[in-house]
Amino acid sequence: DGGITQSPKYLFRKEGQNVTLSCEQNLNHDAMYWYRQDPGQGLRLIYYSQIVNDFQKGDIAEGYSVSREKKESFPLTVTSAQKNPTAFYLCASSIEGAYTEAFFGQGTRLTVV
Amino acid sequence: AQSVTQPDIHITVSEGASLELRCNYSYGATPYLFWYVQSPGQGLQLLLKYFSGDTLVQGIKGFEAEFKRSQSSFNLRKPSVHWSDAAEYFCAVESTQGAQKLVFGQGTRLTINP
């Protein structure tokens with residue numbers, strides 16, 4: 001079945017450590033996105049990529065980094081520079097741009113301990 | 001800048017009652033509008049979308065939404081809710097500032113009373 005797979009579902013990190021969240025899609029979508037979700041704040045865009053080897057900062061990119069070396073993969077690294085990393089992270093993809101409908105993964109809950 | 005407002009943070013309705021979730025958007029041109037639903041700890045699922053044409057759009061799970069340009073609204077409705085409809089609902093608009101992406105409202109959490 002086609003879809004988006006995020007792993008792991010739960011992740012714990014010590015303060016000062018970098019951690020990478022995985023996002024893989026087999027929908028042959030060009031565009032991929034990372035959102036952060038906090039209670040009562042909806043979804044906020046961290047990074048997005050519309051084509052391999054290219055990506056742009058979203059609204060809250062500070063403390064995060066991404067890569068897009070393959071069409072199907074868009075990993076997100078939460079660096080130690082992110083001051084409040086505990087959140088629910090959602091990856092999404094779409095054919096070309098969000099207006100064609102974005103498909104979401106099941107999310108990764110990151111907790112800093 | 002495009003923005004989406006969902007005025008109701010939390011709504012409680014009884015099972016079998018009708019439902020309306022409000023969404024207002026700020027956008028200069030004809031917007032592309034979406035409603036997504038999220039069960040606890042899960043990703044988002046698309047309920048319906050509006051691009052153009054008929055202003056009343058039908059979605060999955062018995063939901064519908066009406067686009068009203070004069071009110072800048074895209075409210076979600078369901079005639080009779082089921083306990084399984086309890087979830088969080090997000091309205092979104094496509095943003096074309098920079099690259100195409102979605103701008104989400106803050107969400108409305110729906111609780112169903114038995």
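Just so it is clear: chains get the letters A, B, ... in the order the sequence lines come, proteins before strands, and each one is counted from 1.
Within 6.0 Å of CZ on Arg44(A) lie more than 12 heavy atoms contributed by other residues, nucleotides or ligands. By the 6.0 Å contact criterion, CD1 on Ile51(A) is open, its count of non-hydrogen atoms from other residues, nucleotides or ligands being 12 or less. Within 6.0 Å of atom NZ in Lys70(A), 12 or fewer heavy atoms from other residues, nucleotides or ligands are found, so the atom counts as exposed in its surroundings.
Both Val93(B) and Leu76(B) belong to a single network of hydrophobic side chains, linked directly or stepwise wherever heavy atoms of I, L, V, M, F, W or Y lie under 4.5 Å apart. Val57(B) and Tyr89(B) fall within a single hydrophobic cluster, where Ile, Leu, Val, Met, Phe, Trp and Tyr are joined by side-chain heavy atoms under 4.5 Å apart, directly or via other members. Criterion: ILVMFWY side-chain heavy atoms under 4.5 Å apart, direct or through other members. Under it, Ile4(A) and Tyr89(A) are not part of a common hydrophobic cluster.
With a 4.5 Å cut-off on side-chain heavy atoms, Phe88(A) and Gln38(B) count as touching. Side-chain atoms of Tyr35(A) and Leu102(B), non-hydrogen and from C-beta on, do get closer than 4.5 Å to each other. A heavy-atom distance below 4.5 Å is found between the side chains of Gln37(A) and Phe90(B).
Looking only at heavy-atom pairs under 4.5 Å with chain A, the residue among Ile9(B), Val4(B), Leu46(B) that has the most is Leu46(B).
Considering every non-hydrogen atom in both Gln42(B) and Leu90(A), the closest pair reads O-CD2, 4.4 Å.
Note: Leu44(B) CG to Leu43(A) CG = 5.5 Å, rounded to the nearest 0.5 Å. Gln106(B) CD to Gln41(A) CD: the interatomic distance, rounded to the nearest 0.5 Å, is 7.5 Å.
No donor-acceptor pair closer than 3.5 Å links the side chain of Tyr36(B) to the backbone N or O of Phe104(A).
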